Protein chains: 2
Amino acid sequence: MVAVMCKHTRPETVRTGRTGRPRSVEADTAILEATRAALVELGWSKLTMGDVATRAGVAKTTLYRRWTNKNELVVDAVAVLFDELELPDRGSLIADVEGVVLQFAALLARPEAKTALMAVVAESTRDDALRIRIRSAIVDRQKRLVLEGRARAQARGELPYEDDPEAAARSADLIFDVIAGAVVHRALVSAEPVDQAWARSFTLLLVSGLASLGS
Amino acid sequence: MVAVMCKHTRPETVRTGRTGRPRSVEADTAILEATRAALVELGWSKLTMGDVATRAGVAKTTLYRRWTNKNELVVDAVAVLFDELELPDRGSLIADVEGVVLQFAALLARPEAKTALMAVVAESTRDDALRIRIRSAIVDRQKRLVLEGRARAQARGELPYEDDPEAAARSADLIFDVIAGAVVHRALVSAEPVDQAWARSFTLLLVSGLASLGS
DNA sequence: GGCTTTCGCTACGAGTCGTAGCGTAACTGG
DNA sequence: CCAGTTACGCTACGACTCGTAGCGAAAGCC
């Protein structure tokens with residue numbers, strides 16, 4: 001859930017401004033946690049709404065009051081994993097890229113992320129609402145890292161500043177697709193480990209390309 | 001199906017060497033075609049075995065006699081699309097890479113490939129048999145293009161020959177994951193068009209990296 | 001206390017899954 | 001030509017999941 005929390009009254013409820021019984025925040029977190037647990041145990045295809053409800057100690061109808069689909073529920077359940085992604089300054093562009101690659105790989109190694117990410121993307125090819133939700137809940141959070149890393153590299157003088165803002169956006173999108181795409185493909189399609197050696201080779205290839213293009 | 005055809009007797013059957021009524025090859029092709037049609041109309045999640053059987057004019061039990069899963073069926077149905085992938089000699093490494101990127105993008109633009117590819121990969125994270133089937137039916141066919149393109153570039157003198165065969169295999173895998181991953185991510189996750197401009201930018205980035213690494 | 005909304009619970013029709021059983025069709029070897 | 005073997009179409013079935021409707025009770029606002 002992209003929950004918009006306002007002022008807290010009691011720990012389990014939220015002041016919505018509207019009248020009536022407020023929705024239980026505990027139920028929300030319990031449901032999302034139960035969803036991740038079910039993903040680990042059962043995987044995407046065998047995960048059922050009824051099972052998630054039972055695990056969370058909630059009625060099945062409560063799930064359907066908050067999420068229309070299994071898809072939307074899983075996106076929200078997995079989205080929080082992407083909050084862990086950070087980009088500490090490691091001193092150089094190469095180190096930063098390698099760090100984010102390994103971090104993203106560690107995320108993809110988790111079984112709940114593995115099975116859920118590809119599945120919801122597959123569904124999003126036929127569901128525009130889901131695609132938008134994925135973009136705001138997952139994709140944009142990753143893309144921020146690219147923008148941050150580039151700004152840092154520019155400040156270090158490793159990458160040139162780009163004058164045209166449109167061209168800058170395009171190149172950021174390109175770099176993002178290359179990094180995220182390569183890691184996902186290596187981890188899930190080729191199904192081979194994204195270890196330090198691979199991360200180093202990939203980073204060297206990418207940064208070399210960036211360097212020779214920039215000059 | 002990775003059908004092993006031997007000698008043909010009549011157009012609709014295959015001499016298997018075994019006794020009994022042979023399996024209808026017409027049924028095979030009709031089922032796979034019906035599966036692709038159903039993927040286009042309904043998408044992965046709403047595709048049902050019963051529907052495919054009806055479209056193909058076959059009994060539902062016939063499907064289960066040949067494929068254990070919906071997953072395996074869809075892999076075989078989509079695999080033939082990858083036979084179209086070719087790598088004509090365009091004269092330079094840059095042109096070859098750009099060509100294969102656009103070709104792969106055209107394949108991913110087809111609705112039956114879009115919805116099916118990510119879905120079966122998602123399932124393969126929990127099904128080893130499926131993962132192996134995907135590898136031989138889809139992934140290896142793509143990877144051949146990378147090996148072919150590199151050999152050509154080496155013959156042209158654009159890329160250095162590598163002495164260590166293991167290192168050569170690793171670098172081929174890396175390049176494959178970068179190309180395929182970036183295109184898939186751009187097309188399905190970012191959901192933006194893989195047009196000529198993007199293909200050119202990406203190719204330039206990749207080939208520049210390869211060039212500066214090789215020297 | 002009255003109003004409003006959410007909650008848990010039960011029940012339901014609709015749809016899908018994968019299998020079993022049957023009689024028939026097709027092809028092979030003697 | 002006939003017996004043996006395998007595939008086929010068809011029907012029916014239990015088990016499961018889906019998403020919804022209806023109910024009384026709970027929890028908060030005015």
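Throughout, a chain's letter reflects where its sequence line sits, starting with A, and its residues are numbered from 1. No experiment lies behind these values; they were computed from the predicted model shown.
Taking atom CD1 of B:Ile31 as the reference point, atom C1' of D:dG9 lies 12 Å away to the nearest angstrom. If you take CH2 of B:Trp67 and C1' of D:dA7, they are 14 Å apart, rounded to a whole angstrom. Across the protein-nucleic acid pair, A:Arg21 atom CZ and C:dT5 atom P stand 14 Å apart, rounded to whole Å. Distance CZ (B:Arg23) to C1' (D:dT5): 14 Å, rounded to an integer number of Å.
In terms of position on DNA chain D, the residue among A:Asn69 and B:Ala27 whose nearest nucleotide sits closer to the 5' end is B:Ala27. Nearest-nucleotide assignment on DNA chain C puts the 5′-proximal partner with A:Gly20, out of B:Lys70 and A:Gly20.
Residues A:Thr125 and A:Arg131 are not in side-chain contact: their nearest non-hydrogen atoms beyond the backbone lie 4.5 Å or more apart. B:Glu84 has its side chain out of reach of B:Gln103: every pair of non-hydrogen atoms, C-beta onward, lies at least 4.5 Å apart. At a threshold of 4.5 Å between non-hydrogen side-chain atoms, the residues B:Asn71 and B:Val75 do not count as touching.
The existence of a salt bridge linking A:Glu148 and A:Arg152 is confirmed by a sub-4.0 Å separation between a basic side-chain nitrogen and an acidic carboxylate oxygen. Look at A:Asp51 and A:Lys46 and you find no salt bridge, because none of the NZ, NE, NH1 or NH2 atoms lies under 4.0 Å from a carboxylate O.
Of the residues in residues 34-50 of chain A, none lies under 4.0 Å from DNA chain C by heavy-atom distance. Applying a 4.0 Å cut-off to non-hydrogen atoms, none of the residues of residues 114-132 of chain A approaches DNA chain D. Within residues 52-65 of chain B, the residues approached by DNA chain D to less than 4.0 Å at the level of any non-hydrogen atom are B:Gly57, B:Val58, B:Ala59, B:Thr61, B:Thr62, B:Arg65, in residue-number order.
Residues meeting the side chain to side chain donor-acceptor pair (under 3.5 Å) test with B:Ser201, sequence neighbours left out: none.
Atoms CD1 and CE, from B:Ile31 and B:Met49 in turn, are 9.0 Å apart once rounded to the nearest 0.5 Å. Here the CG-CZ distance, from B:Leu81 to B:Arg110, works out to 5.0 Å after rounding to the nearest 0.5 Å.
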Using residues 168-180 of chain A as the side-chain source, report each donor-acceptor pair under 3.5 Å to any protein atom, sequence neighbours left out, with the distance given to one decimal.
from: A:Ser171; atom 1: OG; to: A:Arg150; atom 2: NH1; distance (Å): 2.8
from: A:Ser171; atom 1: OG; to: A:Glu162; atom 2: OE2; distance (Å): 3.0
from: A:Ser171; atom 1: OG; to: A:Ala168; atom 2: O; distance (Å): 3.0
from: A:Asp173; atom 1: OD1; to: A:Lys143; atom 2: NZ; distance (Å): 3.2
from: A:Asp177; atom 1: OD1; to: B:His185; atom 2: ND1; distance (Å): 2.7
from: A:Asp177; atom 1: OD1; to: B:Ser190; atom 2: OG; distance (Å): 2.7

Taking only distance into account, with no hydrogens and no angle test, what donor-acceptor pairs under 3.5 Å do side-chain atoms of residues 113-124 of chain B form with protein atoms, sequence neighbours excluded?
from: B:Thr115; atom 1: OG1; to: B:Trp44; atom 2: N; distance (Å): 3.1
from: B:Glu123; atom 1: OE1; to: A:Ser45; atom 2: OG; distance (Å): 3.2
from: B:Ser124; atom 1: OG; to: B:Val121; atom 2: O; distance (Å): 2.6

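Of all the heavy atoms in A:Pro193 and A:Trp198, the pair that sits closest is O-CB, 4.4 Å.
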